Amino acid sequence: MAKKVTFEQFKAILDEKTARAKDLKPVMKKISGDMQTKVDMRFRNTVGPDGNKWEPLSEATISRRKGRSSKPLNDSGDLKQSIHGKYDSTYAVVGTNTPYAAFQQFPAAKGENGKETVTETVKKHSRRTRSGKKTIVKSHKRTRSFDNPWGDKPGRPFLGFSENQKTKYKKWISNYIQKGG
């Protein structure tokens, strides 16, 4: 049997839901936290938002890494640690201010980003003076240019939404507007 409500009761219910829809801060906080957790899990499981595994690192890349780790996007941990969430009454976002994040997120063809030039000082050899101090006998600067990236590089997406996340967040927002808290 349908419940009967007066116009005043209906208006009060509608006003309450409208007020909640204007300030979604509690649910946006929950969404931002969940998004951050999902990104963290992607780093752990080396998988993108679509569920696909990230391409493994090449042997050349592994050999150049500090700790020789073969886990993509986990050499120093700086990128993972830079992920942060932000929310307000109308939005929830998770991102990073790390300059190279986009380079990791998206694929790039060899040389797509132009040439990169590196200048380094090369020490030829050194000798000790009579006082025992070490001095460099010869050194020079060497400049090298190479394609950036130096080979085709797959994207390893860590930001974005899975279909499950989209469905879940819509449900959370709808439930919040309908029922509150």
Side-chain angles (χ1 to χ4, degrees), residues 2-3 5-58 61-62 64-109 112-114 116 148-149 152-181:
K3 181 180 174 184
V5 293
T6 66
F7 178 76
E8 288 75 23
Q9 290 171 322
F10 175 73
K11 185 175 179 331
I13 291 168
L14 194 57
D15 288 346
E16 181 184 337
K17 290 179 184 192
T18 301
R20 277 199 296 265
K22 287 181 181 177
D23 184 11
L24 300 171
K25 202 169 195 172
V27 74
M28 291 300 167
K29 178 180 181 181
K30 182 178 176 181
I31 289 171
S32 179
D34 187 71
M35 288 170 25
Q36 197 161 354
T37 299
K38 296 294 187 246
V39 172
D40 186 54
M41 292 305 293
R42 291 179 190 139
F43 276 90
R44 285 187 202 177
N45 300 327
T46 64
V47 64
D50 59 3
N52 291 327
K53 287 289 257 179
W54 292 338
E55 287 280 330
L57 297 175
S58 70
T61 299
I62 294 169
R64 297 170 89 180
R65 294 183 112 186
K66 295 173 192 167
R68 304 272 194 246
S69 167
S70 63
K71 202 166 186 182
L73 307 187
N74 280 284
D75 189 25
S76 68
D78 291 346
L79 180 60
K80 181 179 175 183
Q81 291 171 9
S82 75
I83 304 297
H84 59 277
K86 194 173 172 182
Y87 63 90
D88 204 341
S89 60
T90 59
Y91 70 88
V93 65
V94 169
T96 176
N97 60 358
T98 304
Y100 60 86
F103 185 75
Q104 299 299 338
Q105 176 86 7
F106 303 106
E112 181 178 314
N113 299 324
E116 187 169 330
N148 184 4
D152 291 342
K153 184 201 75 61
R156 295 183 177 94
F158 53 94
L159 297 173
F161 298 104
S162 68
E163 290 305 315
N164 287 343
Q165 281 177 283
K166 291 176 189 177
T167 302
K168 178 170 48 172
Y169 299 158
K170 285 177 190 175
K171 189 175 184 178
W172 286 357
I173 292 168
S174 177
N175 284 345
Y176 178 78
I177 291 170
Q178 293 297 320
K179 302 170 187 165

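The model shown is predicted, which means the values in this text are computed figures rather than measured ones.
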Should Tyr91 and Lys86 count as side-chain neighbours, where that means a heavy-atom distance under 4.5 Å?
yes

Donor-acceptor under 3.5 Å (Thr98 side chain, Tyr100 main chain):
no

Taking side chain as C-beta onward, heavy atoms only, is Asn74 less than 4.5 Å from Lys80?
yes

So, Asp50 side chain and Asn52 main chain: donor-acceptor pair closer than 3.5 Å or not?
yes

Is the shortest heavy-atom distance from the side chain of Ser32 to the side chain of Val93 under 4.5 Å?
no

Is it the case that the side chain of Thr18 and the backbone of Leu14 share a donor-acceptor pair, with hydrogens and angles ignored and the cut-off at 3.5 Å?
yes

Taking the side chain as every heavy atom from C-beta outward, state whether Thr90 and Leu24 have any atom pair closer than 4.5 Å.
no

Checking the side chain of Gln105 only, and the main-chain atoms of Leu159 only, is there a donor and an acceptor separated by less than 3.5 Å?
yes

Check whether any side-chain heavy atom of Met35 lies under 4.5 Å from a side-chain heavy atom of Val39, and answer yes or no.
no

How about Pro154 and Pro107: do any of their side-chain heavy atoms sit closer than 4.5 Å?
no

Side-chain donor/acceptor of Ser82 to backbone N/O of Leu79, under 3.5 Å:
yes

Main chain of Pro72, side chain of Trp54: is a donor-acceptor contact present, judged purely on distance under 3.5 Å?
no

Would you say the side-chain atoms of Thr37 pair up with the backbone N or O of Gly33, donor to acceptor, closer than 3.5 Å?
yes

Between Asp34 and Lys38, does at least one N-O distance fall below 4.0 Å, as a salt bridge requires?
yes

Arg42 side-chain N/O to Phe158 backbone N/O, donor-acceptor pair under 3.5 Å
yes

Is it the case that the side chain of Gln81 and the backbone of Asp78 share a donor-acceptor pair, with hydrogens and angles ignored and the cut-off at 3.5 Å?
no

Checking side-chain polar atoms at under 3.5 Å, does Lys53 have a donor or acceptor matched by the opposite partner on Thr46?
yes

Contacts of Lys17 that satisfy side chain to side chain contact (heavy atoms under 4.5 Å, CB included) - sequence neighbours left out:
Ile13, Arg20, Ile177, Gln178

May I ask you to decide if Lys25's main-chain N or O and Asp23's side chain share a donor-acceptor pair within less than 3.5 Å?
yes

Can a salt bridge be assigned to the pair Glu163 and Lys166 using a cut-off of 4.0 Å between side-chain N and carboxylate O?
yes

